[in-house]
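Values below: all heavy atoms of this structure, side chains included; hydrogens, waters and symmetry mates excluded.
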Amino acid sequence: MTIQAVIFDLDGVITDTAHLHFLAWKELGDSLGVEVNLELNELLKGISRQESLEIILKETGIFDNFTDVERQELAERKNRAYVASLESLGPQDLLPGIGDCLKDLKKRGIKIGLASSSQNAGLIIKKLGLEPYFEAMVDPRSLSKGKPDPEIYLKAAAALGLNPAKCAGVEDARAGIEAIRAAGMTAIALGQSLEQVPADYHLSSTRDLAKVNWDDIVSKE
Ligand code: B16
Ligand code: MG
């Protein structure tokens, strides 16, 4: 059996917002007198805003300097900087191959869903001009657990009206691939950093998504 839906992660798969997240976290870190470097930023990919803040504060040894309310305010401050940096985001910011891949899936009648941990995902998809492609987008606020828990992928499959075994998921981060596999979906891993991470298919970049023959992608059912 071939797959009937493809569920995409957003950051690092559809568009590269990771760099904008990085700049916003770095700005917050600078204001607190701690360094947020690219190595630390790697730990934040696919992780929710609040969990990302916790990682940064713990890794830089200042977690206990703040109350829960203050940490909430710090996360909101980072988000304001991040949302401001999305101002100029547009269709020109799609990662290579994504536009052709989405057109091909739609032409074949394969459903398309979004499983992003970002509370800004709806805004980003709109700015990229991709709203007509996505039949289901999971609101991360509705989740009790983030990736690597499978909940977000299970909810996306349910919203598309499909058994998870009939869906494939596409991710650029370890936590995301683990979530797809735990959901019982076909896992498509993107990028060199995931080469050693167990997945059903490994592609070197988003460019390769445009070359996939979806009739060859086998479902788990
Ligand atoms: P927000 P994804 C994730 O997006 C990012 O990779 C991660 O760095 C970010 O912290 C998270 O979204 C939450 O984003 O602050 O906008 O709610 O990869 O799951 O599409
Ligand atoms: Mg990602």
Side-chain angles (χ1 to χ4, degrees), residues 8-96 98 114-130 137-149 152 171-179 189-195 197 205-206:
F8 290 86
D9 172 44
L10 178 63
D11 177 24
V13 173
I14 306 272
T15 189
D16 184 17
T17 32
H19 190 64
L20 301 177
H21 279 293
F22 169 63
L23 293 177
W25 284 127
K26 190 171 161 20
E27 189 183 313
L28 182 73
D30 289 348
S31 75
L32 301 175
V34 295
E35 190 198 354
V36 176
N37 57 28
L38 283 168
E39 199 185 328
L40 180 49
N41 191 55
E42 276 305 303
L43 303 178
L44 314 178
K45 291 188 175 172
I47 305 295
S48 76
R49 190 183 312 158
Q50 208 59 38
E51 283 174 303
S52 299
L53 177 70
E54 275 183 39
I55 292 172
I56 290 170
L57 297 181
K58 282 181 182 160
E59 290 283 322
T60 56
I62 58 170
F63 184 84
D64 293 327
N65 296 4
F66 303 97
T67 64
D68 285 351
V69 173
E70 285 168 338
R71 285 195 283 267
Q72 184 64 36
E73 283 165 3
L74 293 178
E76 283 164 16
R77 202 201 302 169
K78 178 268 176 179
N79 190 53
R80 282 194 293 277
Y82 175 64
V83 171
S85 74
L86 296 174
E87 177 64 30
S88 60
L89 195 79
Q92 72 281 0
D93 295 305
L94 281 184
L95 282 168
I98 291 297
L114 191 76
S116 168
S117 309
S118 174
Q119 293 177 38
N120 297 297
L123 169 71
I124 294 169
I125 288 294
K126 199 170 181 181
K127 279 185 155 279
L128 295 172
L130 297 180
M137 288 193 230
V138 178
D139 181 350
R141 280 164 283 222
S142 72
L143 302 172
S144 56
K145 286 182 185 158
K147 301 169 188 175
D149 190 275
I152 191 166
E171 278 276 358
D172 70 319
R174 176 185 281 271
I177 288 293
E178 287 173 3
L190 289 185
Q192 281 183 352
S193 66
L194 295 187
E195 267 169 12
V197 175
S205 80
T206 56

Using the rule given for side chain to side chain contact (heavy atoms under 4.5 Å, CB included), can you reason through Val69 versus Gln72, listing the C-alpha separation, both sets of side-chain angles and the distance that settles it, and then say yes or no? CA-CA 5 Å; Val69 173; Gln72 184 64 36; 5.5 Å; no

Go through the side-chain N and O atoms of [X] and [Y] and say whether any donor and acceptor fall under 3.5 Å apart.
{"X": "His21", "Y": "Lys45", "answer": "no"}
{"X": "Ser31", "Y": "Arg77", "answer": "yes"}
{"X": "Asp93", "Y": "Thr15", "answer": "no"}

Please round to the nearest 0.5 Å and tell me the distance separating atom [atom1] of [X] and atom [atom2] of [Y].
{"X": "Ser48", "Y": "Leu143", "atom1": "OG", "atom2": "CG", "value": "9.5 Å"}
{"X": "Lys78", "Y": "Lys26", "atom1": "NZ", "atom2": "NZ", "value": "15.0 Å"}
{"X": "Leu89", "Y": "Lys126", "atom1": "CG", "atom2": "NZ", "value": "13.5 Å"}
{"X": "Phe66", "Y": "Leu53", "atom1": "CZ", "atom2": "CG", "value": "8.5 Å"}
{"X": "Asn41", "Y": "Phe22", "atom1": "CG", "atom2": "CZ", "value": "6.0 Å"}
{"X": "Ile56", "Y": "Glu51", "atom1": "CD1", "atom2": "CD", "value": "12.0 Å"}

Please test Leu23 against Tyr82 for side chain to side chain contact (heavy atoms under 4.5 Å, CB included), starting from the C-alpha separation and ending with a verdict. CA-CA 8 Å; Leu23 293 177; Tyr82 175 64; over 6 Å; no

Please find the pair of heavy atoms, one from [X] and one from [Y], that lie closest to each other, and give the distance.
{"X": "Leu44", "Y": "Trp25", "value": "CD1-CD1, 3.7 Å"}
{"X": "Ile47", "Y": "Ser52", "value": "O-OG, 3.3 Å"}
{"X": "His19", "Y": "Asp16", "value": "N-OD1, 3.9 Å"}
{"X": "Ser85", "Y": "Leu20", "value": "OG-CB, 3.7 Å"}
{"X": "Ile124", "Y": "Ser118", "value": "CD1-OG, 4.5 Å"}
{"X": "Glu35", "Y": "Thr60", "value": "O-CG2, 3.9 Å"}

Run the salt-bridge test on Lys58 and Glu54 with the 4.0 Å N-O cut-off and return the result as yes or no. yes

Assess whether a salt bridge exists between Arg49 and Glu76, defined as any Lys/Arg side-chain N lying under 4.0 Å from an Asp/Glu carboxylate O.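 So Arg49 does not pair with Glu76 through a salt bridge.
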
Do [X] and [Y] come close enough that some side-chain heavy atom pair is under 4.5 Å?
{"X": "Leu94", "Y": "Leu130", "value": "yes"}
{"X": "Leu57", "Y": "Leu32", "value": "yes"}
{"X": "Leu194", "Y": "Ile177", "value": "yes"}

Decide side chain to side chain contact (heavy atoms under 4.5 Å, CB included) for Val36 and Leu28; before the verdict, give the C-alpha distance in whole Å, the side-chain angles of both, and the deciding distance to 0.1 Å. CA-CA 9 Å; Val36 176; Leu28 182 73; over 6 Å; no

Under 3.5 Å donor-acceptor, [X] side chain and [Y] backbone:
{"X": "Asn120", "Y": "Leu123", "answer": "no"}
{"X": "Lys147", "Y": "Ala115", "answer": "yes"}
{"X": "Asp9", "Y": "Ser116", "answer": "no"}

Does [atom1] belonging to [X] count more than 12 external heavy atoms closer than 6.0 Å?
{"X": "Glu70", "atom1": "CD", "answer": "yes"}
{"X": "Glu39", "atom1": "CD", "answer": "no"}
{"X": "Glu27", "atom1": "CD", "answer": "no"}

Residues Thr206, Asp172; criterion side chain to side chain contact (heavy atoms under 4.5 Å, CB included); working and verdict: CA-CA 9 Å; Thr206 56; Asp172 70 319; over 6 Å; no

Using a 6.0 Å distance limit plus a 45 degree cone around the ring axis, check whether Arg71 lies over the aromatic ring of Phe63. yes

